[in-house]
A.B. asks: 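Shown below is the structure under consideration.
This is a predicted model, so every value here is computed, not measured.
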Amino acid sequence: MKVSSEIQPSSSKVQNESTAPYKYVDDLEGLSTEIPQGETEFQYEKEKEPSGAELEDVFEPPRRTHWVMTTFLMISYLVGVGVLSLPSAFVSLGWVPGVLLLTGIVFITTVTGLYMWKLHLKYPHIRSYGAMYYHFFGRAGQIIGGTLTYLMFFGIMTADFLTAALSWKSLFQGHHVCVTVWFVIPFVVALVVGQLRSLHGISWVAFVGALCIFLPIVMTCSKVPELSVGAHAYTTIAGNSFVNGVIAMTDIVFAFAGHLIFYEFMAEMKNVHDFPKALIVSQLVGFVFCMFTAAFVYVYLGNTSILQSPVTLSLPHDTLRDAINVILIIHVTAPSVMGGNVLTRAVQRWLQCWGRRRFEDTSFPQRVSFFFWSLLVYGAGFLVACAIPFFNELIGLLAALVGSSNSFGMPAIMYLIQFRKTTSWWNWILALSCIAIGYTLLGIGSYAGVYTIIQAVGDHGTPFSCDRVI
């Protein structure tokens, strides 16, 4: 994919930005020697730095992640188990709407990801969406936008607990085990793995997690032709139900709405100018696997009673299905820990009243401190997963409210505010299109989210019930 000069700076600019000392301070409008209070949410090392050195936040992870490992982080966070629901989405949408929507969403989310990268190059001291909201919209924007963003992190982490619990329940189908037990297991695993205090440290977990989503896709598709024998599957050009089509559309849209963590990814990259490589590779890999899975299963099982969502539930309960469930359990550990890591560091930053911990400080008291805050974050996710039976439908509404804004509309709005005087007319049209599409999806997705919640209330059992439906 060709990246335009409006989004990607020239090589001379890149060289100047990477070598000029404290260049990002000069980039801030109206500033000369210091970072504005509140904009970054971070404290900075005040000792005198050697000439030409980068001013780093000593309380946060340093920049040391190669773009290849960033790619695995992005694939693991974006290409999740939602890809296994896309065949059912194609049943509701049909070939033309399904293919066009999936292709268009990948293109738009790639463009808005590049907008976010350009903003991070302008303000590399900003390491989170909440801080970027503060820069453009002040304290009120930070409170509203930042709160919704962190709620989305929390929702995705909790939804991963639900996915793991569903896989455990399927693995032991026929055994009467209290559902709460299946939530305890992913909570404990996430708590242990979550003691890795940086996304760089989690990158190898993400590498394993990425492999553990591709393997179930291949294993499931290998069984699909056998299941299709005598099923009388057929496909359609377009779907015939508006409500089902809208709900299916949100499944496709929010499969690529992971931009809320992009600033954290960029903040730990060794060379942030390589971010477009990680973005484009992860988007292409995600697109290929999503399109292949949706199209392949749709051809063989489309509009049959055999096809379920996710498609792994269509498989007979045998050794292959058990193996797929085990692999999926391993996979969801990576995205849940990534979101948990961001939340834990944020909660520690906000609530720890006995002083910040330098990242390189590995003393026992500081490790206990981080464990305490991670226990609070993952424990809250466990309690919410157990307490709200229809949480899976609730996260769909939250994804519509936050994901459509953070992944489609808001990056384009911030980009135009920052570069309105220098960007070309066609980039204005592209950015305005992203804004219009993003907030249209917000409205449509909110409708679908409310509808599914209304349908789901009462169908999942009571909170903390051993017999509730996941």
A.B. asks: Students often mix this up, so state it plainly: with edges at 30° and 60°, are the rings of Tyr133 and Phe137 parallel, tilted or perpendicular?
C.D. replies: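 Correct class here is tilted.
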A.B. asks: Is any side-chain heavy atom of Tyr378 less than 4.5 Å from a side-chain heavy atom of Met157?
C.D. replies: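 Yes, at least one pair of side-chain atoms sits under 4.5 Å.
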A.B. asks: I'd like to know if the side chain of Thr220 and the backbone of Ile217 have a donor-acceptor N/O pair within less than 3.5 Å.
C.D. replies: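 No.
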A.B. asks: Check Ala164 against Val332 and note the closest heavy-atom contact, atom names and distance.
C.D. replies: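 Looking at all heavy atoms of both residues, the shortest contact is CB-CG2, 3.7 Å.
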A.B. asks: Phe382 and Phe161: aromatic ring centres closer than 6.0 Å?
C.D. replies: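 No, the ring centres sit 6.0 Å or more apart.
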A.B. asks: Using only atom types and a distance under 3.5 Å, with no angle test, would you say the side chain of Thr109 pairs donor to acceptor with the backbone of Val106?
C.D. replies: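 Yes.
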A.B. asks: Any chance you could lay out the side-chain hydrogen bond (donor to acceptor under 3.5 Å, both in side chains) test for Thr149 and Asn406, step after step, and finish with the verdict?
C.D. replies: CA-CA 8 Å; Thr149 299; Asn406 281 5; 2.9 Å; yes
A.B. asks: If only atom types and distance count, is the side chain of Thr103 paired as donor or acceptor with the main-chain N or O of Leu100 below 3.5 Å?
C.D. replies: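 Absent.
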A.B. asks: Side chains of Gln142 and Arg139: do they bring a donor and an acceptor to under 3.5 Å?
C.D. replies: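 Yes, a side-chain donor-acceptor pair sits under 3.5 Å.
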A.B. asks: Applying side-chain contact (heavy atoms from CB on, under 4.5 Å) to Ser282 and Val285, what does each step give before you reach the verdict?
C.D. replies: CA-CA 5 Å; Ser282 62; Val285 170; 5.8 Å; no
A.B. asks: So do Arg345 and Trp373 actually touch side chain to side chain, heavy atoms under 4.5 Å?
C.D. replies: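 A side-chain contact under 4.5 Å is absent here.
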A.B. asks: Is it true that a side-chain atom of Ser170 and a backbone atom of Ser167 form a donor plus acceptor pair closer than 3.5 Å?
C.D. replies: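 Not at all, since once roles are kept as given, no pair shorter than 3.5 Å links the two residues.
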A.B. asks: Looking only at non-hydrogen atoms, find the nearest pair between Leu114 and Leu279 and report the distance.
C.D. replies: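 So the two residues come closest at N-CD2, 3.7 Å.
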A.B. asks: If you compare all heavy atoms of Leu199 against all heavy atoms of Phe265, which two are closest, and at what distance to 0.1 Å?
C.D. replies: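 Taking Leu199 first and Phe265 second, the nearest heavy atoms are CD1-CD2, 3.7 Å.
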A.B. asks: Is the NZ or CZ atom of Lys118 both under 6.0 Å from the centre of the six-membered ring of Phe419 and within 45° of that ring's axis?
C.D. replies: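 Ring-cation test returns yes.
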A.B. asks: With a 4.5 Å cut-off on side-chain heavy atoms, are His331 and Pro216 touching?
C.D. replies: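 A side-chain contact is absent here, since even the closest heavy-atom pair is not under 4.5 Å.
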A.B. asks: Could you tell me whether the side chain of Phe275 reaches within less than 4.5 Å of the side chain of Phe262, counting heavy atoms only?
C.D. replies: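 They are in side-chain contact.
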A.B. asks: Would you check if there is a donor-acceptor pair between the side chains of Ser405 and Tyr439 at a distance under 3.5 Å?
C.D. replies: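 Present: a donor and an acceptor within the cut-off.
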A.B. asks: Is the distance from the ring center of Phe154 to that of Tyr150 below 6.0 Å?
C.D. replies: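 Between Tyr150 and Phe154, which both carry aromatic rings, the centre distance is not below 6.0 Å.
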A.B. asks: Decide yes or no for Gln418 and His135: does some side-chain heavy atom of the first lie under 4.5 Å from some side-chain heavy atom of the second?
C.D. replies: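 Side chain of Gln418 against side chain of His135, heavy atoms only: contact under 4.5 Å found.
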A.B. asks: Does a donor on one side chain and an acceptor on the other come within less than 3.5 Å for Thr423 and Trp428?
C.D. replies: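 No donor-acceptor contact under 3.5 Å links the two side chains.
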A.B. asks: What orientation do Trp204 and Phe207 show, parallel under 30°, tilted 30 to 60°, or perpendicular over 60°?
C.D. replies: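 The rings of Trp204 and Phe207 stand perpendicular, inter-plane angle above 60°.
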A.B. asks: Determine whether the side chains of Thr110 and Gln283 contain a donor N or O and an acceptor N or O closer than 3.5 Å.
C.D. replies: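 Result is yes, a qualifying pair exists.
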A.B. asks: May I ask you to test the Cys434-Tyr415 pair for a side-chain heavy-atom distance under 4.5 Å?
C.D. replies: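 Sidechains of Tyr415 and Cys434: no contact.
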A.B. asks: Let's go through Met414 and Tyr115 carefully: what are the C-alpha distance in whole Å and the side-chain angles of both, what is the deciding distance for side-chain contact (heavy atoms from CB on, under 4.5 Å) to 0.1 Å, and is it a yes or a no?
C.D. replies: CA-CA 8 Å; Met414 293 178 176; Tyr115 287 161; over 6 Å; no
A.B. asks: Once you round to the nearest 0.5 Å, how far does CG of Asp160 lie from CD1 of Ile329?
C.D. replies: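 One finds 12.5 Å between CG of Asp160 and CD1 of Ile329.
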A.B. asks: Tell me whether Ser407 contacts the main-chain N or O of Ser404 through its side chain, where contact means a donor paired with an acceptor under 3.5 Å.
C.D. replies: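 Not at all, since once roles are kept as given, no pair shorter than 3.5 Å links the two residues.
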A.B. asks: Do Tyr129 and Glu264 get their side chains close enough for a donor-acceptor pair, meaning under 3.5 Å?
C.D. replies: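 Not at all, the side chains of Tyr129 and Glu264 share no donor-acceptor pair under 3.5 Å.
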A.B. asks: How far apart are the closest heavy atoms of Ala412 and Ala431, and which atoms are they?
C.D. replies: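 Nearest heavy atoms, Ala412 then Ala431: CB-O, 3.4 Å.
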A.B. asks: Run the side-chain contact (heavy atoms from CB on, under 4.5 Å) test on Ser446 and Leu397 for me, step by step, so that the C-alpha distance in whole Å, both residues' side-chain angles and the decisive distance to 0.1 Å come before the verdict.
C.D. replies: CA-CA 6 Å; Ser446 297; Leu397 176 60; 4.2 Å; yes
A.B. asks: Could you walk me through whether Tyr263 and Arg127 satisfy the side-chain contact (heavy atoms from CB on, under 4.5 Å) test, starting with their C-alpha distance in whole Å, then the side-chain angles of each, then the deciding distance to 0.1 Å, before giving a yes or no?
C.D. replies: CA-CA 5 Å; Tyr263 286 121; Arg127 305 173 64 105; over 6 Å; no
A.B. asks: Output a table of donor-acceptor pairs, distance under 3.5 Å, between side-chain atoms of residues 71-94 and any protein atom two or more places apart or on a different chain; print 'none' if there are none.
C.D. replies:
{"residue": "Thr71", "atom": "OG1", "partner": "Trp67", "partner atom": "O", "Å": "2.8"}
{"residue": "Ser85", "atom": "OG", "partner": "Ser309", "partner atom": "OG", "Å": "3.2"}

A.B. asks: I need the Thr304 OG1 to Tyr298 OH distance, nearest 0.5 Å.
C.D. replies: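 The distance works out to 11.0 Å.
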A.B. asks: Specify the closest pair of heavy atoms between Ser198 and Glu268, including all atoms of both residues, with the distance to one decimal.
C.D. replies: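 The pair with the smallest heavy-atom distance is CB-OE1, 3.6 Å.
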A.B. asks: Which heavy atom of Gly201 sits nearest to which heavy atom of Leu196, and what is that distance?
C.D. replies: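 Smallest interatomic distance, heavy atoms only, reads O-CD1, 3.6 Å.
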A.B. asks: In chain order, what residues pass the salt bridge (Lys or Arg N to Asp or Glu O under 4.0 Å) check against Lys270, with sequence neighbours excluded?
C.D. replies: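 Lys270 satisfies salt bridge (Lys or Arg N to Asp or Glu O under 4.0 Å) with no other residue.
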A.B. asks: State whether a side-chain donor-acceptor pair under 3.5 Å links Asn325 with Thr312.
C.D. replies: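 No, because no side-chain N or O of Asn325 sits under 3.5 Å from a partner of the opposite role on Thr312.
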A.B. asks: What's the spacing between Phe289 CZ and Ile213 CD1 if we round to 0.5 Å?
C.D. replies: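 Phe289 atom CZ to Ile213 atom CD1 measures 10.0 Å (nearest 0.5 Å).
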A.B. asks: Would Thr112 and His259 count as having a side-chain donor-acceptor pair, cut-off 3.5 Å?
C.D. replies: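 Yes, His259 and Thr112 have a side-chain donor paired with an acceptor closer than 3.5 Å.
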A.B. asks: Quick one: does Ile435's side chain get under 4.5 Å of Leu416's, heavy atoms only?
C.D. replies: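 Yes - at least one pair of side-chain heavy atoms lies under 4.5 Å apart.
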A.B. asks: Under the side-chain hydrogen bond (donor to acceptor under 3.5 Å, both in side chains) criterion, do Trp95 and Thr236 qualify, and how do the steps go?
C.D. replies: CA-CA 6 Å; Trp95 277 117; Thr236 59; over 6 Å; no
A.B. asks: Quick check for you: to the nearest 0.5 Å, what is the distance between Ile126 atom CD1 and Leu119 atom CG?
C.D. replies: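 It comes to 8.5 Å.
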A.B. asks: How long is the straight-line distance from CG of Leu432 back to CD1 of Ile437, given to the nearest 0.5 Å?
C.D. replies: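 Result: 11.0 Å between the selected atoms.
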A.B. asks: Would you check if Phe107 and Val111 make a side-chain contact, meaning some heavy-atom pair closer than 4.5 Å?
C.D. replies: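 Yes, their side chains come closer than 4.5 Å.
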A.B. asks: Roughly how far apart are Phe153 CZ and Ile261 CD1, rounded to 0.5 Å?
C.D. replies: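 Nearest 0.5 Å value for the CZ-CD1 distance: 4.5 Å.
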A.B. asks: Could you tell me whether a side-chain N or O of Arg63 sits under 3.5 Å from a main-chain N or O of Met266, the two making a donor and an acceptor?
C.D. replies: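 A pair under 3.5 Å: yes.
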